[in-house]
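As the structure is a computational prediction, the values presented were derived from the model and not from experiment. For reference, positions follow the sequence shown, starting with 1.
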Amino acid sequence: MECHERIRALRIEHHLTQKEAGEMLKIPESTYRSYELGRRQFPLCHLLALGKYFDCSLDFLSGASNVRKPYPER
């Protein structure tokens with residue numbers, strides 16, 4: 001699964017609209033929609049914010065891993 005597909009699935013799982021996700025990231029809904037459709041790539045700052053919100057690792061968001069939980073804090 002590609003990054004934008006995984007993030008879309010997480011958004012739906014958490015019952016968020018694209019507008020609400022955009023508001024959380026402080027970006028317009030149209031920009032968020034472009035990210036989620038794969039027309040634009042998510043900037044790292046937005047991936048970090050989404051990882052914290054969804055409580056998952058960047059590896060999971062990017063599709064590099066199927067392990068959802070973030071790394072433990074040190």
Side-chain angles (χ1 to χ4, degrees):
M1 186 178 287
E2 291 191 39
C3 180
H4 64 277
E5 296 169 321
R6 183 154 281 173
I7 290 171
R8 179 179 188 273
L10 284 165
R11 176 183 60 78
I12 291 169
E13 181 181 308
H14 285 80
H15 308 288
L16 288 175
T17 64
Q18 288 181 334
K19 181 178 182 179
E20 292 168 331
E23 289 172 352
M24 180 192 58
L25 296 172
K26 298 178 176 51
I27 60 173
E29 179 184 358
S30 59
T31 301
Y32 182 86
R33 187 179 318 109
S34 292
Y35 293 150
E36 204 173 88
L37 290 172
R39 294 181 185 150
R40 298 174 69 175
Q41 290 192 358
F42 280 92
L44 181 58
C45 61
H46 293 161
L47 289 174
L48 290 168
L50 290 170
K52 283 186 178 187
Y53 183 84
F54 295 133
D55 192 32
C56 62
S57 70
L58 290 180
D59 286 347
F60 181 78
L61 285 179
S62 70
S65 170
N66 288 324
V67 177
R68 193 176 248 201
K69 280 309 232 175
Y71 302 112
E73 291 187 31
R74 295 177 183 208

* Asked: Does Arg11 come within less than 4.0 Å of Glu5, counting only side-chain N to carboxylate O?
  -> no
Is any side-chain N of the basic residue among Glu29 and Arg33 closer than 4.0 Å to the acidic one's carboxylate O?
-> yes
[Y] and [X], any side-chain heavy atoms less than 4.5 Å apart:
X     : Y     : answer
Tyr53 : Leu10 : no
Asn66 : Asp59 : no
Tyr35 : Pro43 : yes
Leu16 : Phe54 : yes
Met24 : Leu50 : yes
Glu20 : Leu25 : no

Could you tell me the separation between the [atom1] atom of [X] and the [atom2] atom of [Y], rounded to the nearest 0.5 Å?
X     : Y     : atom1 : atom2 : result
Arg39 : Thr31 : CZ    : OG1   : 12.0 Å
Cys45 : Lys26 : SG    : NZ    : 11.5 Å
Leu61 : Cys56 : CG    : SG    : 4.0 Å
Ser30 : Arg40 : OG    : CZ    : 8.5 Å

Should Ser57 and Val67 be marked as a side-chain contact (heavy atoms from CB on, under 4.5 Å) after you check the CA-CA gap, both sets of side-chain angles, and the distance that decides it? CA-CA 8 Å; Ser57 70; Val67 177; 5.8 Å; no
**Asked** Under the 3.5 angstrom rule, does the side chain of Ser62 hit a backbone N or O of Leu58 as a donor-acceptor pair?
**Response** yes
Quick one: does Arg6's side chain have a donor or acceptor within less than 3.5 Å of a partner on Phe60's backbone? yes
Item checked: Ring centres under 6.0 angstrom apart (Phe42, His4) -> no
- Query: Would Met1 and Leu37 show up in the same hydrophobic cluster when neighbours are defined by side-chain heavy atoms closer than 4.5 Å?
  - Reply: no
Q) For the hydrophobic clusters of this structure (ILVMFWY residues joined by side-chain heavy atoms under 4.5 Å, transitively), does one cluster hold both Tyr32 and Ile12? A) no
Practice prompt. Walk me through it: do Lys19 and Glu36 pass the test salt bridge (Lys or Arg N to Asp or Glu O under 4.0 Å)?
Written response: CA-CA 12 Å; Lys19 181 178 182 179; Glu36 204 173 88; over 6 Å; no
